Participant: 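First the structure, which I've put down as structure tokens, then a few questions once you've had a look.
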Amino acid sequence: MAIPKKVQQEIDDLREQLRYHSHRYYVLDDPEISDAEYDRFFDRLVELENEYPEAVTPDSPTQKVGAEPSGTFESVRHHVPMLSLDKVTQEEEFLDFHKRVVKLLSGDEPTYTTEPKLDGLAVELTYEDGVLVVGSTRGNGTTGENVTANLKTVGSIPLRLMCKKHPSTLDVRGEVVLGRKPFAELNRDREKKGEEPFANPRNAAAGSLRQLDPQITAARPLVFYAYGVGRYDGIDLNTQSDALDFLKECGFRVHTLVGLRKSTDDVIAAHDEIGEKRTDLDEETDGTVIKVNEFGYQNRLGAVSHHPRWAVAWKFPAQEESTTVDDIIVQVGRTGIVSPVAVLKPVRVGGVEVRRASLHNEDEVRRKDVRVGDKVIVRRAGDVIPEVVKVVSTDKKNRAKPFQFPRKCPACGAEVVREEGSAFYKCTNLACPAQVKERLAHFVSNNGVDVDGLGGKWIEQLVESETVTDPADIYFLTKDKLLEFERMGDKLAQNLLDAIDQSRHPELHQLIAALGINHVGEHIARVLASEFGTIDALAEASKEDLESVNEIGPKVAESIHQFFSLSQTKELLKKLHRGGVEFPTVTKRSAAKRPFDGMTFVVTGTLPNLKRDEAKKLIEDAGGRVTGSVSKNTDVVVVGEDPGSKYDKAQKLDITIWDEKKLAKEAKSS
Ligand code: IVH
């Protein structure tokens, strides 16, 4: 049956709509229509294709899900071998790599791209005349498995290239990954069904892709990140960074942390940045892939048996290790929360020795069933406290009894209670020495009033001896009193007293932050300081007053209000005052509106004059806020030299872009 022109037109329009919206959703993370609207387009297309089966094409959006289970996977030969990467773990080794490259290029200095090394499964997608025809796994590098039907179900893989002029043949290479969250959900599901959980997201991604039934793959939220090209013809690509841009234009997801680097210093900085941000990323990242940018140089450098000489993977130190639980104790925090902690046989994780790991709360200990003597996996992620991931083996015969959460505070013996709806036990005694120590440590830290030299050892002694029972007590210390402590000399005592004296003149935001109000960190403290101008005004603010401040939500408002209504807080403030602490006044925001009030900034690239933290201070002093990544909520992106992907994203989202000069000028205007 011939397809009526009008029907064909409708089918074409629907496909175009669906491709456009699928790209916005899966690749740009920025949908324009609701799921329901998308489904309506989709259902209509299915309806028409059912009516006119001859209208179905392999690149129709309906073909993303349909295929029948295949019996086995055929093998696919890669036209250009998929090599692996040589590894380095230290800066010097990377610099040696660079030296070797320059030597092989007879002194020519290449530029480099840096890309996060995503930990998933490498695949190749072959497009003929812009249409996906074969998708395969890397396999042994020369031959992989044909998993086309499964790859077609991955949302971020276009069935048809979106670029204006597409090459007659294009091999796209990249990594299929499964995010941490879906990975955890998947494992929970498997455990419920009595199936063996996957060891890591990479295995889970591989397992999901090698399913004989594509419907199973379709149900897993896999993501494809493109990182390179194999064969291509009919287009002109000269560098890796051009290739990455081209892949974006074709409709692929290219990682936001990729960038072009002009010097080894910039490569090192990029590696550090990926290292810092990796814990915030949805996907597991185990290093930085550094590639010579110029294809001409890549060709001159060539490859040795398994890896190219023009690229290297700079791996992060392993972040997980196994060790034994020697004990399980509980710790009391600043706010009285009592949390279980595993005392471990010391183990190095990611270059740092770990002796303790968090077990979070009672339910977590129970769920993971961690007991003394068990062998466990510990994970360290960035600056966060290491945690116990899971138990790997136990002494079956002599296993210790399950951990019993104590009913009494280990520090002061007071009762601990678990409030309704909370996962945490709290010590009910505000004078509990463990809480006092934590509060004092916070008060004197550089997030608080910053008393130099008053470290853990002295805090311990001051609190244990009951010389200090709240932070204000430090302002009543005398030299004689200090000299009573072991190993305290005249000079040290004087230094401490001087440092304490200096802290009598804090800035208002420092003082607010020092109080240790729940949910009030440095940034919110600044917001409060400029909004209310004095401690008294803040203390008297109603919940409504607080909530009306930009950036303060109901939870934070409640916490601040509650804090100032406590009689202990009132006592503490009076005592600080008596101890000579100045309560400063700042010009209120309402009286002097600042130029960047309520604005969010991102700084990227190297600025000509200002260092990163100087630019940050300039923005914050003018009332603005600085964040790490560009989103729809970003107001201004300040761009320096070599800006990288944040700049691209800002342009894509049409965000105002300033240079350093413009920033300085605007910050002054008020
Ligand atoms: S390039 C010739 N780029 O790492 C270059 N690989 O050890 C070969 N990988 O099999 C690969 N992110 O699975 C490249 N941005 C990236 C990558 C990446 C992850 C994986 C890939 C490959 C393995 C190489």
Side-chain angles (χ1 to χ4, degrees), residues 78-89 94 97 101 110 112-125 135-145 147 151 154 156 171-179 200-206 208-210 222-232 237 239-241 243-248 252-261 267 270-271 273-275 277-278 281-295 297-316 644-645:
H78 302 297
H79 292 269
V80 181
M82 291 180 79
L83 299 177
S84 74
L85 291 164
D86 202 9
K87 293 180 190 63
V88 299
T89 55
F94 157 65
F97 161 83
V101 164
Y112 292 104
T113 59
T114 49
E115 306 163 16
K117 187 171 191 299
L118 298 176
D119 198 11
L121 197 72
V123 301
E124 178 169 69
L125 307 169
S136 54
T137 61
R138 174 173 176 268
N140 62 11
T142 338
T143 311
E145 287 175 314
V147 286
L151 285 169
V154 175
S156 42
D171 290 339
V172 176
R173 286 161 176 199
E175 201 83 353
V176 170
V177 296
L178 185 70
N200 51 46
R202 174 201 173 81
N203 289 359
S208 305
L209 213 51
R210 298 189 67 261
L222 298 168
V223 179
F224 175 75
Y225 282 95
Y227 59 60
V229 290
R231 279 177 311 166
Y232 61 91
L237 292 175
T239 64
Q240 169 68 3
S241 74
L244 293 173
D245 286 343
F246 174 67
L247 287 169
K248 258 191 256 175
F252 292 96
R253 205 181 239 273
V254 171
H255 204 281
T256 51
L257 288 179
V258 305
L260 173 60
R261 315 293 164 200
V267 170
H271 175 69
E273 190 191 356
I274 293 174
K277 299 208 167 138
R278 62 192 285 227
L281 299 176
D282 287 341
E283 323 80 27
E284 211 74 54
T285 306
D286 57 358
T288 306
V289 180
I290 300 158
K291 297 176 185 166
V292 165
N293 184 38
E294 296 79 9
F295 285 169
Y297 288 154
Q298 287 189 3
N299 291 336
R300 273 167 64 188
L301 290 160
V304 291
S305 64
H306 285 298
H307 57 259
R309 277 195 293 231
W310 46 263
V312 75
W314 185 351
K315 301 265 279 186
F316 298 122
S645 61

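Keep in mind that the numbers below use all heavy atoms, side chains included, and drop hydrogens, waters and symmetry copies. Indexing begins at 1, ligand by ligand and atom by atom, following the structure's order. Position 1 is the first residue of the sequence, and the numbers go up from there. Model, not experiment: these values are computed from the prediction.
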Participant: Which residues satisfy the salt bridge (Lys or Arg N to Asp or Glu O under 4.0 Å) test with Glu284, sequence neighbours excluded?
Facilitator: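 With neighbours one apart ignored, the set is Arg180.
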Participant: Please determine whether side-chain contact (heavy atoms from CB on, under 4.5 Å) holds for the pair Phe316 and Ile274, giving the CA-CA distance in whole Å, both sets of side-chain angles, and the decisive distance to 0.1 Å.
Facilitator: CA-CA 10 Å; Phe316 298 122; Ile274 293 174; 3.8 Å; yes
Participant: Distances under 3.5 Å, N/O of ligand 1 against N/O of the protein: list each pair and its distance.
Facilitator:
residue	atom	partner	partner atom	Å
ligand 1	3 (N)	Lys291	NZ	3.0
ligand 1	4 (O)	Lys117	NZ	3.2
ligand 1	7 (O)	Leu85	N	3.3
ligand 1	12 (N)	Leu118	N	3.4
ligand 1	13 (O)	Glu175	OE1	2.7
ligand 1	13 (O)	Glu175	OE2	3.1
ligand 1	15 (N)	Glu115	OE1	2.7

Participant: Between Phe252 and Ser156, what is the shortest heavy-atom contact and its length?
Facilitator: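 Nearest pair, atom of Phe252 first, then Ser156: CD2-O, 4.5 Å.
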Participant: Could you tell me which residues satisfy salt bridge (Lys or Arg N to Asp or Glu O under 4.0 Å) with Glu115, sequence neighbours excluded, listed by chain and number?
Facilitator: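 With sequence neighbours excluded, Glu115 shows a salt bridge (Lys or Arg N to Asp or Glu O under 4.0 Å) to Lys291, given in chain and number order.
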Participant: Roughly how far, to the nearest 0.5 Å, is the CG atom of Leu118 from the CG atom of Leu178?
Facilitator: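 Here the interatomic distance stands at 12.5 Å.
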Participant: Can you list the residues that meet the salt bridge (Lys or Arg N to Asp or Glu O under 4.0 Å) rule with Asp286, with sequence neighbours excluded?
Facilitator: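 Result, salt bridge (Lys or Arg N to Asp or Glu O under 4.0 Å) vs Asp286: Lys315.
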